[in-house]
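See below for the structure under consideration.
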There are 2 protein chains.
Amino acid sequence: MARPSQREQILVEASRLFSKKGYHATTIREIAQNRGILSGSLYAHISSKEDLLFEIVDDGADAFLSAITAVSQSDRSPIEKLRMALCAHIQVIAQRMDATTVFFHEWEALSEERRHLIQTKRDEYEAHWNAILQEGIDDGSMCITDPKFVRLMLLSVANWLYHWYRPSGPLSPDEIAERFIQILVNGIEDTAKERDHRA
Amino acid sequence: MARPSQREQILVEASRLFSKKGYHATTIREIAQNRGILSGSLYAHISSKEDLLFEIVDDGADAFLSAITAVSQSDRSPIEKLRMALCAHIQVIAQRMDATTVFFHEWEALSEERRHLIQTKRDEYEAHWNAILQEGIDDGSMCITDPKFVRLMLLSVANWLYHWYRPSGPLSPDEIAERFIQILVNGIEDTAKERDHRA
DNA sequence: CCTACCGATCGGTAGG
DNA sequence: CCTACCGATCGGTAGG
């Protein structure tokens, strides 16, 4: 594992500060100071404060997207895909708390053009979820009527993690996903089928 | 209905701007300009920008608290209380989108003392939820093991509303609550009982 | 509620 | 990566 470049370390520090204090409340001087340099010297590595924000947010969007793409392409059953997608989503948040907090909290601070770029990736991400849920409707394994609404619920529960998850907490990301599924999927999956499985 | 005072209209405008752009990105000059006065004149009505934020966030906390207190004190069944509490929570968000967005998004920008004050009200609010769920466990109407985790899920789904709810959308607040309950409560409520109800 | 202003701090740059 | 600095803008105030 190559030792991280100064540029990468600046991104990590910016993520930490943006997530803790917010983008606008964080100054370029703080980021520089915590990296042991002066604010002017930052500009040897970045070209603007907003570039820093964009790189963090865009990385976050890519992390979510690549996680669900892998799940989508697998040949599991819809219910199993839903389980895996939820696990993957939670893993992305848990493993990159700072970056995903910035992703959810500060993406609206981007310029309009860049906001649209991120919006496109969000749309793509949600389309993957819709497709998984639609598969479940089509093969009868999920008794839901409105996949978009259910997707919204699933992602609401999963996204809110960034408000409360702590690596030092009692539950691992997988255990959290397991509990979500215990309550949510058993409510979503056709109860007749569910009873057969249990019998 | 008395016509709103300038002070009240300043609060409304501040809520709107804080929710749209964030607390730090909103300037005192913008708030003043949108009220038709100069920035210096604002200080005849408020004493600081942070006071403005605190009043918005504290009002939000009180709105949530008084809604659930009413539900807690009713003599309905635990399941019915849960239903009512979720409806009430969603109503608070839907009816005060700007203020609740600021409540969720910007409360960490407050001074430490005031943040603790809000945290205390949040704790109190969550205790009401825990109590309702515990009642449901005690009388056997809810088959859950960890009320705090279930409360977290319920509030995650409900809170995320501030990201996507629009008054002009196809679903009313009550219809949204109904759909949440359709999926969540049917997953939480003991399925044996649920089947009996349906039969 | 306005005029007129303040000290502080912001993101960013030129030149080395 | 530092020195030295810039124009702009910030929240807020004194005096009327």
Side-chain angles (χ1 to χ4, degrees), chain A residues 2-58 98 102 105-115, chain B residues 2-58 98 102 105-115:
Chain A
R3 103 168 179 286
S5 69
Q6 173 69 298
R7 189 187 154 73
E8 284 163 345
Q9 291 181 277
I10 289 168
L11 275 164
V12 168
E13 185 58 29
S15 296
R16 206 179 65 78
L17 287 169
F18 290 170
S19 73
K20 192 176 136 203
K21 315 182 40 169
Y23 172 69
H24 286 103
T26 300
T27 68
I28 223 72
R29 281 166 176 79
E30 283 177 285
I31 299 170
Q33 193 171 38
N34 289 359
R35 289 300 321 136
I37 59 178
L38 292 182
S39 67
S41 309
L42 263 189
Y43 291 85
H45 302 98
I46 64 165
S47 57
S48 75
K49 189 186 176 190
E50 207 218 271
D51 278 7
L52 221 41
L53 176 61
F54 177 67
E55 199 160 326
I56 294 165
V57 171
D58 194 48
D98 288 343
V102 176
H105 236 88
E106 307 292 342
W107 76 291
E108 292 178 40
L110 289 169
S111 69
E112 199 188 327
E113 193 192 350
R114 287 173 154 177
R115 223 167 43 235
Chain B
R3 102 169 181 285
S5 68
Q6 173 70 295
R7 190 187 153 73
E8 284 163 346
Q9 290 182 278
I10 289 168
L11 275 163
V12 168
E13 185 57 29
S15 296
R16 206 180 64 78
L17 288 169
F18 289 171
S19 73
K20 192 176 136 200
K21 314 179 44 169
Y23 172 69
H24 287 103
T26 300
T27 68
I28 223 73
R29 280 166 177 79
E30 282 176 285
I31 299 170
Q33 193 171 38
N34 289 358
R35 289 300 321 135
I37 58 178
L38 292 182
S39 67
S41 310
L42 263 189
Y43 291 86
H45 302 98
I46 64 163
S47 57
S48 77
K49 189 187 177 189
E50 208 218 271
D51 277 8
L52 222 42
L53 176 61
F54 178 67
E55 198 159 327
I56 294 164
V57 171
D58 195 48
D98 289 341
V102 176
H105 236 87
E106 306 292 343
W107 75 292
E108 293 179 39
L110 290 169
S111 68
E112 200 188 328
E113 192 192 349
R114 287 173 154 177
R115 223 168 42 235

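By convention in this document, chain letters (A, B, ...) are assigned in the order of the sequence lines, proteins followed by strands, and residues within each chain are numbered from 1.
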Below 4.0 Å from chain A heavy atoms, what is the first contacting nucleotide of DNA chain C and what is the last?
C/dC10 to C/dT13

Could you check which residues of residues 45-52 of chain B get a heavy atom under 4.0 Å from DNA chain D? Sort them by number, please.
B/S48, B/K49

Heavy atoms only, 4.0 Å cut-off, all strands: where does A/L38 land among base, sugar-phosphate and nothing?
base

Side-chain contact test, heavy atoms from C-beta onward, threshold under 4.5 Å: evaluate it for B/Y23 versus B/H105 and give yes or no.
no

Would you please test B/S19 and B/D98 for side-chain hydrogen bond (donor to acceptor under 3.5 Å, both in side chains) and show each step?
CA-CA 5 Å; B/S19 73; B/D98 289 341; 3.1 Å; yes

Hey, which sits more toward the 5' end of DNA chain C by its nearest nucleotide, B/I10 or A/Y43?
B/I10

Should B/R7 and B/E55 count as an ion pair when the cut-off is N to O under 4.0 Å?
yes

OG1/B/T26 to NE2/B/H24 distance, rounded to the nearest 0.5 angstrom?
10.5 Å

Out of curiosity, A/S39 OG to A/Q33 CD, how far, rounded to the nearest 0.5 Å?
10.0 Å

Validation row: A/D51, A/R114 side chains within 4.5 angstrom (heavy atoms):
yes

When you compare the side chain of A/L53 with that of A/K49, does any pair of heavy atoms fall below 4.5 Å?
no

Along DNA chain D (nearest heavy atom to each residue), the more 5'-positioned of A/A44 and A/R29
A/A44

Under the side-chain contact (heavy atoms from CB on, under 4.5 Å) test against B/L52, which residue among B/L17, B/I46, B/V57, B/V102 passes?
B/I46

Separation between CZ of B/R29 and CG of B/N34, rounded to the nearest 0.5 Å
14.0 Å

Looking at B/E13 and B/R16, is any side-chain nitrogen of the basic one under 4.0 Å from a carboxylate oxygen of the acidic one?
yes

So if I take the C1' atoms of five pairs at each end of the helix from C/dC1-D/dG16 to C/dG16-D/dC1 and get each local axis, what angle do the two axes make, rounded to 10 degrees?
10°

